[in-house]
Amino acid sequence: MDRKANIARLKEIDHERVLYQNITALLGWDQEINMPESGVEGRSEQMALMQGVLHDKITSGEIGDLLDALGASEQQSSGDPSFSDMERGLIREYFREYNRERKIPKKLVQEMAVVTSKAQPAWVEARKSQDFSIFQTHLEKIVALTRETTECLGYKEHPYDPLIDQYEPGMTTSEVARVFSGVKKDIVALLGKIAEKGQVDDSFLYEPYDNKLQDDFGRKILTDMGFDFQRGILTESAHPFTTGVGKDDIRITTRYNEPSMSSSLFSTIHEGGHALYEMGAASPELKGTSLGTGISLAVHESQSRFWENIVARSDDFWENYYASLQGMFPDQLGKVSRDAFVRGINKVEPSMIRVNADEVTYSLHIILRFEIETALVNGELEVKDLPEAWNEKMREMLGVIPANSAEGVLQDVHWSAGLIGYFPTYALGNLFSAQFLETLKQEIPDYREHISSGNLIHLQRWLNEKIYQKGGVYTATEVLQQVTGKPLDPSHFSRYLEEKYTRIYDL
Ligand code: CO
């Protein structure tokens, strides 16, 4: 076959693979939203079947032959330089996944599936009874299998490298350690200054707020952000998430029965940020291909956090929206000034639980997990010593110590599912978002006026042009370089926090 026929064949295989992925996403959506509890067993069989089909597709001999013919190699993973950027992006993604999936023996994948399927109920039980020992042996097996996996995948510096690379391609342990260590020092110092100040009042967020009105308000903001309700929906679920079920079918969820009204509102905006990226990535050229989606978890998270924190938790944003929110909820907010409201939604307080953490302390929760995961994977830390190590790091970074393992080491589901290497992407998203903001300030100097006049679509258009519509064509590092002209620099995030919280807390 000639090169034209080869790339056409790769695109054909890709299109079919995306359809299978969409079907799998639909099964997952249905499981979260509609399925009766008794459906779990049948659904996990269906899911396993789909995972198998997808695995066979990506590791087939035909893919290997095509990649060879297209000139892909370790030195040149995007194939022959004469292909278009889109084609090179596609070759790069297939080369990466083909090699990765071929390196892990099927037996190891199956063993991990068995171990995690038992580990998850054990984790639920352990958390409920606040007893780490119930989960310990399961986690020991997961760590052992994870270490075996890293040996199969191979690495140059750190056994954690292939794990982080799975979720954030191109990122290394030493690079994460570099950016995290800078930001950790700055955040701990900022927290110290905040602790010396009087705490802000946010009690008005904890009053009852009507769900229907919250939903109306969330939809109004999503619409202003550019969320296209012709191509997407918003509904409720236990844990907010975003999923793409087809090329013009992007779904997000939120939850309203939370203790704090702000956690519902900002969940909606957060998932809205993910959805805008997905909607923009489905440009005519990329729609229905593997590249018609966000490039990486960190860049994705940078977009959700950009909208949630940088835009919607700013004073500028509420200059436009506060009067209408107050009008909807006169009993709860009638006597609360805009200034007091903005302070309330930005309250900083060290706490035990990552998912409830504020913008300042959130990254410390992630850095803690990164330090623990790297130590577990390279053998410096044993699972049995984990609760103690966790509590010590909480004390060191946040100045608080969990009263039990449920609000400590057992709080997150990730490890029981075998997800090691995933956590860093959350905090990397914060770092990316602050660096994008620096460029936005230069390119749209009056961006704050756009926010304060409710002209959010202006920001959406900029993000669309710079980030969304590129989809998965360029790597995360390339996108960052193209947009900001620089590699990842954590000082942007530190400065952003410093400036914002100096205002909020009169530091
Ligand atoms: Co997110």
Side-chain angles (χ1 to χ4, degrees), residues 25 28-29 32-33 164 166-169 171 176 180 183 218 221-222 225-227 232-245 250-256 258 260 262-282 293-313 345 353-367 369-370 411-415 417 419 421-437 459-460 463-464 467-468 471-472 476 479-480 493 496:
W29 169 267
E32 294 295 322
I33 306 296
I164 172 120
Q166 177 173 9
Y167 304 107
E168 196 56 31
M171 192 55 80
V176 176
F180 278 6
V183 87
I221 289 179
L222 286 176
M225 283 164 63
F227 184 96
I233 57 168
L234 165 69
T235 189
E236 286 176 64
S237 69
H239 301 282
F241 68 102
T242 300
T243 191
V245 169
I250 310 298
R251 305 177 184 191
I252 64 172
T253 71
T254 191
R255 52 183 170 192
Y256 296 115
E258 286 291 279
S260 164
S262 73
S263 96
S264 305
L265 175 61
F266 290 107
S267 286
T268 304
I269 298 171
H270 180 101
E271 300 308 328
H274 282 305
L276 291 189
Y277 192 5
E278 287 297 301
M279 286 173 170
T293 183
I295 179 61
S296 75
L297 291 172
V299 180
H300 236 299
E301 206 58 17
S302 78
Q303 295 314 300
S304 55
R305 281 158 199 269
F306 184 87
W307 285 102
E308 177 196 349
N309 291 331
I310 294 177
V311 177
R313 284 188 210 265
I345 58 173
I353 306 296
R354 172 185 67 87
V355 294
N356 301 334
D358 57 76
E359 192 183 9
V360 175
T361 57
Y362 186 88
S363 298
L364 293 178
H365 287 265
I366 298 303
I367 294 169
R369 285 156 180 74
F370 168 71
Q411 66 181 271
D412 285 311
V413 68
H414 300 62
W415 292 340
L419 298 175
Y422 190 108
F423 279 122
T425 63
Y426 293 126
L428 290 170
N430 285 333
L431 304 186
F432 274 75
S433 70
Q435 191 160 332
F436 288 138
L437 173 66
L459 300 190
Q460 187 261 8
L463 293 165
N464 196 50
I467 301 164
Y468 302 167
V479 170
L480 191 70
F493 185 57
Y496 157 76

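Every number for a ligand or one of its atoms is a count from 1 in the order of the listing. FYI, side chains are in, hydrogens and waters are out, and symmetry mates aren't considered; it's all heavy atoms of this structure.
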Legend entry - Arg305 charged N/C atom sitting above Tyr362 aromatic ring, 6.0 Å / 45°: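 That pair qualifies as a cation-pi contact.
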Inset, instruction - Tell me whether the guanidinium CZ or amine NZ of Arg354 lies under 6.0 angstrom from the six-membered ring centre of Tyr426 and within 45° of its axis. - result: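 Yes, Arg354 lies over the aromatic ring of Tyr426.
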Legend entry - His270 atom NE2 and His274 atom NE2 as seen from the Co ion (ligand 1), angle to 10 degrees: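 Answer comes to 90°, rounded to 10°.
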Inset, instruction - Check each of Phe241, Trp307, Tyr277 against His300 using the ring pair (Phe, Tyr, Trp, His ring centres under 6.0 Å) test, and report the only one that passes. - result: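 Exactly one candidate clears the test, Tyr277.
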Legend entry - Contact check: Glu301 to the Co ion (ligand 1), N/O/S below 2.8 Å: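 Yes, since at least one N, O or S atom of Glu301 sits under 2.8 Å from the Co ion (ligand 1).
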Inset, instruction - Decide, counting backbone as well as side-chain atoms, whether His300 has an N, O or S atom less than 2.8 Å from the Co ion (ligand 1). - result: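 His300 does not place any N, O or S atom closer than 2.8 Å to the Co ion (ligand 1).
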Legend entry - Donor-acceptor pair between Glu278 and Thr293 side chains, under 3.5 angstrom: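 Side-chain D/A pair, Glu278 to Thr293: present.
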